[in-house]
Q: 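Quick one: this structure, given as structure tokens, is what I'll be asking you about.
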Amino acid sequence: MLQKLFKKDTKDFAQELLGMYLIHESPEGKTIGKIVETEAYLWNDPAAHSFRGKTMRNSPMFGKPGTAYVYFTYGMHYCFNVVTANVGIGEAVLIRALEPIEGIELMKKRRKREDLYNLCNGPAKLVQAMGISKEHNTHFLLHKPLYLEERKKEMFSIVKKTRIGISLAKNKLFRFYIKGNDFVSFPV
DNA sequence: GGAACGATTGAT
DNA sequence: TCAATCGTTCCT
């Protein structure tokens, strides 16, 4: 069922991802986070890496839906995306925040921080807490060790806001998060 | 070959 | 509010 979701409209899929679980079974241990905040990046979107066409860096965005796009930025951070749409289109969903569910001690160790609310409340923070690295770039996200999982359906409202940290297409309401969740990066 | 700039974070 | 820090992209 997730297979089909990957090809859905990216803005819809970004919202479908809310409440899903991201699981990493690493050699250090298992960590699980519930996705609570996402952003959609579209093929005709000036803010998207794919906007000016395929390059060495953004090529995973043009690959199979459901693959991971992990990119390096600001000289020191990595961000994690789920590729969507069909092959050759160039769309993805940035995962911006997780609610820590399992492996919290390992997350604290990796983050070198104790505060539960500061472990996964940002795209580069959750990458660090989950032990995601550039090695996971192009990894298919239904396969171990890093994969998505749908669990029990829960009821929540979705807040739609403008995206964080971009300089173009600032007016688009392509950022989504679970209303009232305490683990969102910028709950505004 | 060179310059400008990030889908950020943490400290001041 | 600002520095850290470097790969990618784009211009010359």
Side-chain angles (χ1 to χ4, degrees), chain A residues 6 9-18 20 22 33 35-63 65-85 89-100 107-139 141 146 148 158-178 182-188:
Chain A
F6 290 145
D9 175 272
T10 299
K11 295 192 298 297
D12 293 339
F13 181 60
Q15 294 167 77
E16 300 270 4
L17 272 174
L18 296 175
M20 284 194 203
L22 180 65
I35 297 172
V36 298
E37 180 181 356
T38 61
E39 284 180 357
Y41 286 87
L42 310 185
W43 69 274
N44 58 350
D45 174 3
H49 289 170
S50 55
F51 184 62
R52 287 170 220 286
K54 194 171 175 178
T55 65
M56 187 86 83
R57 174 167 83 149
N58 69 24
S59 61
M61 281 186 77
F62 295 84
T67 61
Y69 170 43
V70 181
Y71 69 87
F72 183 64
T73 189
Y74 289 105
M76 63 186 90
H77 298 300
Y78 290 92
C79 293
F80 169 74
N81 298 253
V82 181
V83 173
T84 57
I89 304 296
E91 303 198 338
V93 176
L94 172 70
I95 309 302
R96 281 201 59 90
L98 302 174
E99 178 177 331
M107 290 184 183
K108 288 180 177 176
K109 182 182 157 197
R110 284 169 171 159
R111 289 272 299 130
K112 299 182 169 60
R113 294 241 173 341
E114 288 298 314
D115 179 13
L116 179 65
Y117 296 92
N118 199 14
L119 292 177
C120 298
N121 62 333
K125 294 181 187 181
L126 70 88
V127 161
Q128 192 179 23
M130 292 292 288
I132 296 170
S133 72
K134 62 177 184 295
E135 311 303 319
H136 296 102
N137 195 26
T138 73
H139 171 76
L141 292 167
L146 180 66
L148 293 162
I158 298 175
V159 182
K160 303 177 171 120
K161 294 288 183 186
T162 55
R163 293 171 292 183
I164 306 287
I166 55 171
S167 56
L168 300 170
K170 284 183 166 179
N171 58 325
K172 298 290 185 186
L173 299 177
F174 289 168
R175 173 172 172 246
F176 310 98
Y177 62 84
I178 295 178
D182 293 328
F183 298 89
V184 168
S185 66
F186 291 94
V188 185

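Throughout, a chain's letter reflects where its sequence line sits, starting with A, and its residues are numbered from 1. Keep in mind that the numbers below use all heavy atoms, side chains included, and drop hydrogens, waters and symmetry copies.
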Q: Between B:dA7 and A:Tyr41, is there a base-stacking contact, meaning the centre of the base's six-membered ring lies under 5.5 Å from the residue's ring centre while the planes stay under 30° apart?
A: yes
Q: Which whole-number value in Å describes the distance from A:Tyr78 OH to C:dT5 P?
A: 15 Å
Q: Under 4.0 Å, heavy atoms only, any strand: does A:Ala47 hit a base, just the sugar-phosphate, or nothing?
A: base
Q: Are side-chain heavy atoms of A:Val36 and A:Tyr177 found at a separation under 4.5 Å?
A: no
Q: In whole Å, what is the span from the CZ atom of A:Phe80 to the P atom of B:dT9?
A: 15 Å
Q: Under 4.5 Å between any side-chain heavy atoms of A:Tyr71 and A:Tyr78, yes or no?
A: no
Q: Expressed in angstrom and rounded to an integer, what is the separation of A:Phe51 atom CZ from B:dA7 atom P?
A: 14 Å
Q: Ion pair present between A:Asp45 and A:Arg163, side-chain N to carboxylate O less than 4.0 angstrom?
A: yes
Q: For residues A:Lys11 and A:Leu42, determine if any side-chain heavy atom of one lies less than 4.5 Å from a side-chain heavy atom of the other.
A: yes
Q: Start with the C-alpha distance between A:Asn81 and A:Leu94, add both sets of side-chain angles, then the distance that settles side chain to side chain contact (heavy atoms under 4.5 Å, CB included), and finish with yes or no.
A: CA-CA 4 Å; A:Asn81 298 253; A:Leu94 172 70; 3.5 Å; yes
Q: Please produce a list of atom pairs where a protein N or O lies less than 3.5 Å from an N or O of nucleotides 10-12 of chain C.
A:
| from | atom 1 | to | atom 2 | distance (Å) |
| --- | --- | --- | --- | --- |
| C:dC10 | OP1 | A:Arg52 | NE | 3.4 |

Q: In sequence, state the C-alpha distance, the side-chain angles, and the governing distance for A:Gln128 and A:Arg111, and then conclude on side-chain hydrogen bond (donor to acceptor under 3.5 Å, both in side chains).
A: CA-CA 6 Å; A:Gln128 192 179 23; A:Arg111 289 272 299 130; 2.8 Å; yes
Q: With sugar-phosphate meaning primed atoms plus P, OP1 and OP2, does A:Ile166 contact a base, only sugar-phosphate, or nothing at under 4.0 Å between heavy atoms?
A: sugar-phosphate
Q: Looking across every strand, which nucleic acid part, if any, lies under 4.0 Å from A:Arg57 by heavy atom: base, sugar-phosphate, or nothing?
A: sugar-phosphate
Q: Polar atoms only, N or O, under 3.5 Å: list the protein pairs with nucleotides 2-4 of chain C and their distances.
A:
none

Q: Answer yes if the ring centres of A:Phe6 and A:Phe13 are under 6.0 angstrom apart, and no otherwise.
A: yes
Q: Is the distance from OP1 or OP2 of C:dG7 to the nearest side-chain N or O of A:Lys134 less than 4.0 Å?
A: no
Q: If pairing requires Watson-Crick or G-U wobble contacts with both distances under 3.5 Å, which nucleotide is the partner of B:dA7?
A: none
Q: Within this structure, what is the CG-to-C1' distance between A:Leu17 and B:dA7, rounded to whole angstrom?
A: 16 Å
Q: Figure out the OH/C1' separation between A:Tyr71 and C:dG7, and round it to whole Å.
A: 13 Å
Q: Can you tell me how far P of B:dA11 sits from CZ of A:Arg113, to the nearest Å?
A: 5 Å
Q: What is the distance, to the nearest angstrom, from the CZ atom on A:Phe72 to the P atom on C:dT9?
A: 14 Å
Q: For A:His49 and C:dT8, give me the distance from atom NE2 to atom P, rounded to whole Å.
A: 12 Å
Q: OG1 of A:Thr84 to CD of A:Glu91: how many Å apart, nearest 0.5 Å?
A: 5.0 Å
Q: For the OG atom of A:Ser50 and the CZ atom of A:Phe62, what is their distance to the nearest 0.5 Å?
A: 5.0 Å
